[in-house]
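Below, chains carry the letters A, B, ... as their sequence lines are ordered, and counting in each starts from 1.
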There are 4 protein chains.
Amino acid sequence: MTRKPTKAALPPATRASAKGPEPARSEEAPATNRATRAAERRAAIVEAAMEEFIARGFAATRLDDIARRAGVAKGTIYLHFKDKESMFEELVRIVIVPVVARLTTLPPPAGSVRDLIEAFASNFLNEVIGTRRGDLVRLIVAEGPRFPSVADFYYREVVSRGIAAMRALIELGIARGEIRQKDLARYPQILVAPAMIAVIWQSLFARHAPLDAQEMLRVHLDLIFGERSTT
Amino acid sequence: MTRKPTKAALPPATRASAKGPEPARSEEAPATNRATRAAERRAAIVEAAMEEFIARGFAATRLDDIARRAGVAKGTIYLHFKDKESMFEELVRIVIVPVVARLTTLPPPAGSVRDLIEAFASNFLNEVIGTRRGDLVRLIVAEGPRFPSVADFYYREVVSRGIAAMRALIELGIARGEIRQKDLARYPQILVAPAMIAVIWQSLFARHAPLDAQEMLRVHLDLIFGERSTT
Amino acid sequence: MTRKPTKAALPPATRASAKGPEPARSEEAPATNRATRAAERRAAIVEAAMEEFIARGFAATRLDDIARRAGVAKGTIYLHFKDKESMFEELVRIVIVPVVARLTTLPPPAGSVRDLIEAFASNFLNEVIGTRRGDLVRLIVAEGPRFPSVADFYYREVVSRGIAAMRALIELGIARGEIRQKDLARYPQILVAPAMIAVIWQSLFARHAPLDAQEMLRVHLDLIFGERSTT
Amino acid sequence: MTRKPTKAALPPATRASAKGPEPARSEEAPATNRATRAAERRAAIVEAAMEEFIARGFAATRLDDIARRAGVAKGTIYLHFKDKESMFEELVRIVIVPVVARLTTLPPPAGSVRDLIEAFASNFLNEVIGTRRGDLVRLIVAEGPRFPSVADFYYREVVSRGIAAMRALIELGIARGEIRQKDLARYPQILVAPAMIAVIWQSLFARHAPLDAQEMLRVHLDLIFGERSTT
DNA sequence: GATGAATGAGTCTTCATTCAT
DNA sequence: TATGAATGAAGACTCATTCAT
């Protein structure tokens, strides 16, 4: 048996690690109207599916488990999603869209470029690295080749925008004299690389060698902007 | 069905599709004695399995496909591996060990630290980024959480050693005055991050936005060592 | 999946596909009082169910489709019928009873026996062969073995009566000297056989080889009554 | 529950009513080589599937039941047939082809046309009416509209040939003066109609009113050829 | 050793039926 | 009465693993 051991290796999941505002499990709030109930259920399914897909990957995830975790019957899933595959694809969209929305709103044009980027980094540290959102990034890396539409979506919505935003910042930094190396603007990936590595590191190796992502990012920024006199 | 679309996206494999009477053995030498034959078969299985696992991930890979691609019968796989799961785990070891062996041999004590690292990078560019070996890295990222033993092994054999080696180089660079930022030695991950990002980028986004990995790595080294006067 | 191809072959029904806010009631009069409304709904369900059962057979018909076609909610069906099975059984009764009623009324004591039978045949041609009613016959042939009660009912109400009526006519024909072969009265089935074959032929083979049922029946009657001098 | 009652209505099938030369169940003959075993299994599956499809119709038949009846595991069916649907389609071909083969061989040009047709009829009586083969005809009538390919095949292989053969015989009969009514050659269906009705009658109404098919066919032939002086 | 037919547990998906609104 | 969201039992199909040849 192949899948069983795989399951055994992953204890019934971390469960109650509700990410959204509320677990939206049933039995709790009676809720009032039907639409609300339906929305809650849908949210519960999304939440549960995310958890399971992250824990086991697409192919090894069982809809049965998602249903159980969401506290709904198996058939209910099919009231919200066409099938497992499109559930996965929609899921990524559902989870990513609000993140993108927030990010595109954020940038308050304050202080120096370094301050701006540090704000970004700090945000990233709190909201992505080591969180469910970080795991989602790893999930996309894992399943991307088998779900081109997911990779496409992620590139379009997140990567290309992120790269563009970083490039703009870098160019600003160069213009203001904060960044010396002009070529950096051609490869904004360099700016983000350590952050991405931190995300992956936390998923895979945190157990063996915990990584102080915050400090690493600071060192990286020092590399780009020069070390700060004031720490 | 879970795999159908995935299969559609991945045409029935690029290799052997022998279906007729002839087993289509591994194309190499005819070989004479039994031990050799067995070793060849095993090698063919390893090769085929790697290919399939990389293309579809662990759960979605069918032993049937591996067998067909390797030109052996399904049962034969079980003469070499206990089951699918341990096959996967052994596989990673089998493929990684020679790579590590080569890397630990490599370091030719030549010129400057930057030259050394550039040699490394160049090697990495040719042998990893955009190759099967690069895909293996993505595979480990993908399956790591479900195969702790694989993640462990990879950390122990590759990551920790790589980090240690990089740290040694960085310290050497600092000692020789080639690298100004002392803190870098605490986070050798920063040195490797762009290379890893390049690996992942090629798997996922090459189609949308091809990345000139070589040039990116050069820019990154300029950042660390300062821009070269000559170039 | 069992039904997919079947569905593909049968475009989502020719009728109502109302999905929007409006229930798309039965198109007839708006009706005022409740009893009337209920009766109308029931009629719509019966009509829709018949259509679907004929198109797909009992097992492959979905209550969902019936409801949609009838323009009612799925639950409404259960206000009128106990379950799918008894719905099917009642349906056949509901549809057949008025037909039988009409037939037993028909026989206008006109001219010769041949004229009488020709009147019958002509009626059958117009009202059964190639119509919904003809498909019902095929449906009963198809589902009879799985619905003994339906077969029983059909035998009792239609077949045995029809046979008896035909026998009476044949005997009359023999008595009057119109029919020479006396044994025919023992097998009135022979008289009806071509008509039944025509019904089935239209369902199955009309596409390959259209059949002029009217002319065939005429030839058949000529066989029994002798060819007419005038025609 | 819809399918359960349907099942209940049909007691676990008549089972041991093996039609072919031998039941080909397992456990009996040890068989020698693999190919033979496989062929036996395939035959058992075909036999079992026919039985079940006839008893319940396509949609209501469960592969589980077919497997159980054939004495094989569910998966084994898929070694021989792509899916339920193509199993059904192939089945009809598999069962019909040898029948057609035999029929096209049969006709020994002996005696009078009536004798020839009586030989046919007698054959039909023994080999079709009231047998598995007869049920198959009913099955095709039942499922034809949902399986155009089956109806097509049946028309091409059986119906059109049968009609052509009957027409030839009728024309011969007319030429020899055995058949008076010339128009009959235009509708050979009339010649076959009572036989078909007998087939259907036996499936549906035998319980209520057994039909002496042999005698009925004789009467029908008397109608066409004139009553025999000797009998 | 090598084979590949056979197995049957496991998974996705459907749909008749129920019931709170 | 009418609704339709929710349920979960049932059924088609897959595939890792075994074992007789």
Would you indicate, yes or no, if E:dA16 has its OP1 or OP2 atom less than 4.0 angstrom from a side-chain nitrogen or oxygen of C:Lys84?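 Looking at the OP1 and OP2 atoms of E:dA16, one of them is under 4.0 Å from a side-chain N or O of C:Lys84.
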
Taking only N and O in the side chain of B:Arg41, is any of them less than 4.0 Å away from OP1 or OP2 of E:dA2?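 For B:Arg41, the contact criterion (side-chain N or O under 4.0 Å from OP1 or OP2 of E:dA2) is met.
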
Of D:Lys82 and C:Ile77, the one whose closest DNA chain F nucleotide lies more 5':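 The residue mapped nearer the 5' terminus is C:Ile77.
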
For DNA chain F, whose closest nucleotide is more 5', that of A:Ala38 or that of B:Tyr78? A:Ala38

Where each residue is assigned the nucleotide of DNA chain E containing its nearest heavy atom, which of B:Leu79 and D:Gly75 is assigned the position nearer the 5′ end? B:Leu79

The residue, B:Thr76 or D:His80, whose nearest nucleotide of DNA chain E is more 5′ is B:Thr76

Just so I know, are the side chains of D:Val92 and D:Phe147 near enough to count as touching, which here means a heavy-atom distance under 4.5 Å? no

Could you check whether any side-chain heavy atom of D:Asp83 comes within less than 4.5 Å of a side-chain heavy atom of D:Phe88, counting everything from C-beta outward? no

Before giving the answer on side chain to side chain contact (heavy atoms under 4.5 Å, CB included), spell out for B:Met87 and B:Glu90 the whole-Å C-alpha distance, their side-chain angles and the decisive distance to 0.1 Å. CA-CA 5 Å; B:Met87 173 164 62; B:Glu90 286 189 46; 6.0 Å; no

Quick check for you: among E:dT13, E:dT3, F:dT7, whose closest atom lies nearest to any side-chain atom of A:Ala73?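 For A:Ala73, the side-chain atoms sit closest to F:dT7.
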
Of the candidate nucleotides E:dT17, F:dA12, F:dT17, which contains the atom at the shortest distance from the side chain of C:Asp83?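 Out of E:dT17, F:dA12, F:dT17, the nucleotide with an atom closest to C:Asp83's side chain is E:dT17.
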
[X] [atom1] - [N] [atom2] separation (whole Å):
X: D:Arg68; N: F:dG11; atom1: CZ; atom2: C1'; result: 12 Å
X: D:Phe81; N: F:dA12; atom1: CZ; atom2: C1'; result: 16 Å
X: C:Arg62; N: E:dT14; atom1: CZ; atom2: C1'; result: 9 Å
X: A:Leu63; N: F:dG8; atom1: CG; atom2: C1'; result: 14 Å
X: D:Arg56; N: F:dA12; atom1: CZ; atom2: P; result: 12 Å
X: B:Arg42; N: E:dA2; atom1: CZ; atom2: P; result: 12 Å
X: D:Arg37; N: E:dT7; atom1: CZ; atom2: C1'; result: 14 Å
X: D:Asp64; N: F:dA12; atom1: CG; atom2: C1'; result: 9 Å

Identify which one of A:Lys74, A:Lys84, A:Arg69 satisfies the salt bridge (Lys or Arg N to Asp or Glu O under 4.0 Å) criterion when paired with A:Asp64. A:Lys74

Ion pair check, A:Glu143 and A:Arg146, cut-off under 4.0 Å: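 A salt bridge links A:Glu143 with A:Arg146.
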
Looking at the base of E:dT3, is there any donor atom on it, or on the side chain of B:Lys74, that sits under 3.5 Å from an acceptor on the other one?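 In this structure, the two groups form no donor-acceptor pair.
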
Mind telling me whether D:Phe53 and D:Phe58 have parallel, tilted or perpendicular rings, with 30° and 60° as the class edges?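 Answer is parallel, since the angle falls under 30°.
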
Test item: side-chain donor near acceptor, D:Glu89 and D:Ser149, under 3.5 Å: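 D:Glu89 vs D:Ser149: donor-acceptor pair found between side chains.
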
DNA chain E base-pair string [pairs: Watson-Crick or G-U under 3.5 Å; |: paired with another strand]: .||||||||||||||||||||

